[in-house]
Chemist: 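Sharing a structure below in structure tokens format, with a few things to ask.
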Protein chains: 2
Amino acid sequence: MKIEDEIKSTIALDISKKIILNVLYTQNVIIDNFNDILKPYDISGEQYNVLRILRGQKGSPANMFVIQERMLARTSNTTRLVDKLLLKNLVTRNVCPENRRKIEVLITQKGLDVLNELDPKVIEHEEFFSNNLSSQEAEQLNSLLEKYRNK
Amino acid sequence: MKIEDEIKSTIALDISKKIILNVLYTQNVIIDNFNDILKPYDISGEQYNVLRILRGQKGSPANMFVIQERMLARTSNTTRLVDKLLLKNLVTRNVCPENRRKIEVLITQKGLDVLNELDPKVIEHEEFFSNNLSSQEAEQLNSLLEKYRNK
DNA sequence: GTTATTTTTTTGTTAAAACATATAACATTT
DNA sequence: AAATGTTATATGTTTTAACAAAAAAATAAC
């Protein structure tokens with residue numbers, strides 16, 4: 001569906017505006033779908049993202065700075081995000097012995113189990129959208145987004 | 001910059017995942033830039049969006065339902081969004097005489113003035129990104145996003 | 001070796017989002 | 001016209017985000 005119809009626009013929009021609205025709207029659709037997947041597991045999208053980063057560490061701990069720089073949206077509330085995961089026993093948190101300012105965050109087995117259970121659903125979610133495109137179109141969309149941001 | 005570099009990914013990502021991350025990240029970049037424009041005017045992106053919808057009504061009032069269906073992200077808090085605009089005298093709110101359940105929201109002259117002042121900055125913002133693309137590429141990005149959502 | 005500076009994380013406060021529930025007006029049924 | 005149902009908006013409560021500022025540890029300066 002065209003973006004003008006999604007927002008019931010009465011007037012014609014120029015292409016710059018349409019792209020912006022389309023990116024914003026597409027993100028909403030992706031997020032809404034993804035939250036439906038996460039809901040039964042009682043974790044938020046941001047919390048999931050942190051778990052993914054920690055799993056990607058393959059056993060070595062991540063401090064707050066490392067977590068932040070790998071997140072999509074740099075939030076200043078990484079501490080409280082990790083707090084939530086800690087309450088659910090999905091991560092552990094320890095002071096780093098070499099530099100006692102730093103905090104070593106590790107994913108627990110329970111955290112890994114949650115991710116493993118989610119993996120096929122996440123892949124299905126990702127492919128649900130990209131299956132609408134040929135592989136050339138998918139590559140094209142990806143590189144056009146990067147060119148659009150131009151940084 | 002490639003999305004893998006933006007999030008400092010150590011492993012190769014498949015295209016489905018890259019597109020998702022790219023859409024989410026691009027949206028963050030757009031929103032961050034836009035918020036910088038709005039900041040001096042002390043209105044949020046959502047509030048701006050409502051003002052745009054109201055201006056688009058060209059003098060005829062919009063009720064809460066109309067506002068909601070034209071917003072990008074359907075929020076259940078339209079009432080409180082309008083509350084904020086009312087406090088700043090950017091809109092008026094009146095009970096509809098024909099159907100006293102409905103609320104007629106109108107943009108004020110002050111609201112129109114704010115939008116007029118913002119207009120050139122908003123256009124500049126929109127074009128800042130799309131200028132990185134040729135007009136064919138822009139059209140292509142737009143239609144690929146719509147095809148990707150496929151609804 | 002004490003003081004200042006910088007880095008890293010945490011905390012406090014205020015604002016906004018999310019979600020469920022409530023109220024109020026209108027419409028329909030009996 | 002009372003009861004029931006529906007629609008439109010509002011409110012209460014709980015989470016989450018945003019921003020500033022504080023705290024704690026390491027590093028640098030004197």
Chemist: Quick test of your reading: applying salt bridge (charged side-chain N to carboxylate O under 4.0 Å, His left out), list the pairs with at least one residue in residues 129-139 of chain A, sequence neighbours left out, ordered by first then second residue.
Modeler: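 Output for this query lists E137(A)-K147(B).
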
Chemist: Counting only non-hydrogen atoms, which of residues 45-68 of chain A are less than 4.0 Å from DNA chain C?
Modeler: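 Under 4.0 Å from DNA chain C: N63(A), M64(A), F65(A).
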
Chemist: Once salt bridge (charged side-chain N to carboxylate O under 4.0 Å, His left out) is applied, what residue pairs with a partner in residues 81-94 of chain B remain, sequence neighbours excluded?
Modeler: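 Matches after skipping sequence neighbours: D83(B)-R93(B).
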
Chemist: What residues, two or more places apart in sequence or in another chain, satisfy salt bridge (charged side-chain N to carboxylate O under 4.0 Å, His left out) together with K17(A)?
Modeler: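 Partners of K17(A) under the salt bridge (charged side-chain N to carboxylate O under 4.0 Å, His left out) test: E126(B).
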
Chemist: Throw together a table of side-chain donor-acceptor distances under 3.5 angstrom for residues 55-69 of chain B, partners on residues two or more places apart or in other chains.
Modeler:
unit_1	atom_1	unit_2	atom_2	d
R55(B)	NH1	D119(B)	OD2	3.0
R55(B)	NH2	D119(B)	OD1	3.1
Q57(B)	OE1	R70(B)	NH1	3.0
Q57(B)	NE2	P61(B)	O	3.3
S60(B)	OG	Q57(B)	O	3.0
N63(B)	OD1	F65(B)	N	3.0
N63(B)	OD1	V66(B)	N	2.9
Q68(B)	NE2	T78(B)	OG1	3.2

Chemist: Could you list the donor-acceptor pairs under 3.5 angstrom formed between side-chain atoms of residues 95-102 of chain A and any protein atom two or more places apart in sequence or on another chain?
Modeler:
unit_1	atom_1	unit_2	atom_2	d
N99(A)	OD1	R101(A)	N	3.1
N99(A)	OD1	R101(A)	NE	3.2

Chemist: Please, which pairs that meet ring-ring contact (aromatic ring centres under 6.0 Å, His included) have at least one residue in residues 83-111 of chain B, sequence neighbours excluded?
Modeler: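 ring-ring contact (aromatic ring centres under 6.0 Å, His included) check on residues 83-111 of chain B returns no pairs.
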
Chemist: With heavy atoms of chain A within less than 4.0 Å as the criterion, where does contact along DNA chain D begin and end?
Modeler: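 Here the contact window of chain A covers dT16(D) to dA26(D).
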
Chemist: Which residues in residues 78-99 of chain A have a heavy atom closer than 4.0 Å to any atom of DNA chain D?
Modeler: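 Within residues 78-99 of chain A, the residues near DNA chain D are R80(A), K84(A), N99(A).
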
Chemist: Would you grab the first and last nucleotide of DNA chain C (5' to 3') that comes under 4.0 Å of any non-hydrogen atom in chain A?
Modeler: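 First-to-last contact on DNA chain C, by the 4.0 Å heavy-atom rule, is dT7(C) to dC19(C).
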
Chemist: For residues 94-126 of chain B, pull every pair meeting ring-ring contact (aromatic ring centres under 6.0 Å, His included), keeping only residues two or more places apart or in separate chains.
Modeler: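 Output for this query lists F34(B)-H125(B), H125(B)-F129(B).
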
Chemist: Return the set of residues passing side-chain contact (heavy atoms from CB on, under 4.5 Å) with D113(B) (not counting sequence neighbours), or none when no residue passes.
Modeler: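 Once residues adjacent in sequence are excluded, the partners of D113(B) under the side-chain contact (heavy atoms from CB on, under 4.5 Å) criterion are Q109(B).
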
Chemist: Give a yes or no on whether the backbone of L72(A) and the side-chain of E6(B) come within a donor-acceptor separation of less than 3.5 Å.
Modeler: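 Not at all, since once roles are kept as given, no pair shorter than 3.5 Å links the two residues.
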
